[in-house]
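Both counts, for ligands and for their atoms, begin at 1 and track the order of listing.
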Amino acid sequence: MKSGTLFIIATPIGNLEDMTFRAVRILKEVDLVAAEDTRHSRKLLTHFGISRPLTSYYDHNQNFKGNYLLERLQAGDSVALISDAGTPCISDPGYQLVRDAVAAGITVVPVPGPSAAITALSAAGLPTDSFVFAGFLPNRAGKRREKLSSLAGEQRVMVFYESPNRLLATLADMLELFGPRESVVARELTKIYEEFVRGPLPVVIAGFEGRQIKGEVVILVAPADTPDAPPIVAVSDMLRRCLAEGVSLKDAVKRVSLETGQSRSAVYDEAVRLKGESR
Ligand code: SAM
C-alpha cells in the first residue's frame with residue numbers, strides 16, 4: 001500500500017489574512033489534521049470552512065501520538081501538522097514527527113507561510129544576508145546568561161523568541177554581555193498593536209521600561225562589530241558630573257548606564273568607588 005503524505009502547514013501568527021490559499025486547500029483535503037491545541041486550531045479551521053478531523057500533537061504526547069500518526073500515514077492517510085501559530089517545528093512541536101516520517105520513507109511536504117522570526121527580520125532594518133535563529137533562551141537567569149555569553153562573538157544578526165514578562169531582564173543581560181549593540185524588538189507582529197522598537201540596546205530598554213509589556217515579542221541583535229561601549233573612564237566622568245549636579249546615586253547609575261551602554265552593576269560599582277573617594 002502506498003503511504004500517505006505528511007504536510008507541514010504554516011498558519012498565521014496573528015492576522016488571519018496571512019493564511020495561504022494552498023494551506024486552506026490542503027487542510028480541506030487531508031484525512032487528519034494534527035494540531036498543538038485542538039480547541040485553538042478548531043477556531044482557525046472553522047474560520048476557513050475546514051471541517052476535517054482534528055487530533056492533538058503537542059510536546060508531552062508526541063511520543064505516543066507520533067506513532068499513531070505514522071501508522072495512519074503508513075496506512076495511506078494524508079496528515080497535516082499545524083501549530084498554534086506560524087510554522088510548525090520552529091520553536092514548536094513537529095521535528096520528531098518529521099524525522100520519523102522521513103526515516104519511514106513517508107513523503108513530507110512543507111506548505112510555507114508566516115513565521116515570527118522571518119517576519120520580524122524582514123522589517124527590522126538589520127542586515128539580512130546571514131542570521132542565526134537562536135529560538136527561546138533558557139528560562140533560568142544563570143543558564144540564559146551562559147547561553148548569551150556563548151553568543152557574544154557571533155558575527156551574524158541573532159533572532160530570539162522571548163516571553164513579554166522576561167523581555168526586560170533578557171535585554172538587560174544582553175546589554176551587559178554584548179554591550180550597546182543595535183537591536184530591535186518586534187512586538188505583536190501582524191496584529192493591531194504591532195510595534196517595532198529599534199536602536200542601541202539602552203534605547204530599546206528605555207522604550208520598554210515602566211510599561212506593562214503585553215503580547216508576543218521577537219528580539220533581534222546586531223553582530224559584534226558595533227562600536228565599543230565607552231570605556232569606564234567616560235563612565236566616571238559622567239557619574240562625577242551627575243553627582244555634582246545633585247542627582248541621586250540611583251538615578252545617576254540609571255542615566256549613565258543607559259547613555260554609555262555599560263551594565264548597571266558596573267556603573268554602580270564605579271559610583272560606589274567615587275563616593276568612597278570623595279569621603
Ligand atoms: N512556530 C512559530 C513561528 O513560526 O514563528 C513560533 C512559535 S513559538 C512557541 C512562539 C514565539 O514566537 C513567541 O513567544 C514569540 O517570541 C514569537 N511570536 C509568535 N507570534 C508572534 C507575533 N505575532 N509577534 C511577535 N512575536 C511572535
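In this structure, Ser257 contributes its side chain and Val267 its backbone to no donor-acceptor pair below 3.5 Å. Between the Arg52 side chain and the Leu27 main chain, no donor and acceptor come within less than 3.5 Å of each other.
For ligand 1, residues of the protein lying within 4.0 angstrom by heavy-atom distance are Ile13, Ala85, Gly86, Thr87, Ile90, Ser91, Asp92, Ser115, Ala116, Phe136, Tyr161, Glu162, Ala186, Glu188, Leu189, Lys191, Glu216, Val217, Val218.
A donor and an acceptor atom, one from each side chain of Gln96 and Asp100, are located under 3.5 Å apart.
The one candidate from Thr38, Asp37, Asn61 that meets the side-chain hydrogen bond (donor to acceptor under 3.5 Å, both in side chains) condition with Ser56 is Asn61.
For the pair Leu177 and Ser149, the tightest heavy-atom approach, listed with the atom from each and the gap, is CD2-OG, 3.7 Å.
Note on residues 39-51: no pairs pass salt bridge (charged side-chain N to carboxylate O under 4.0 Å, His left out), not counting sequence neighbours.
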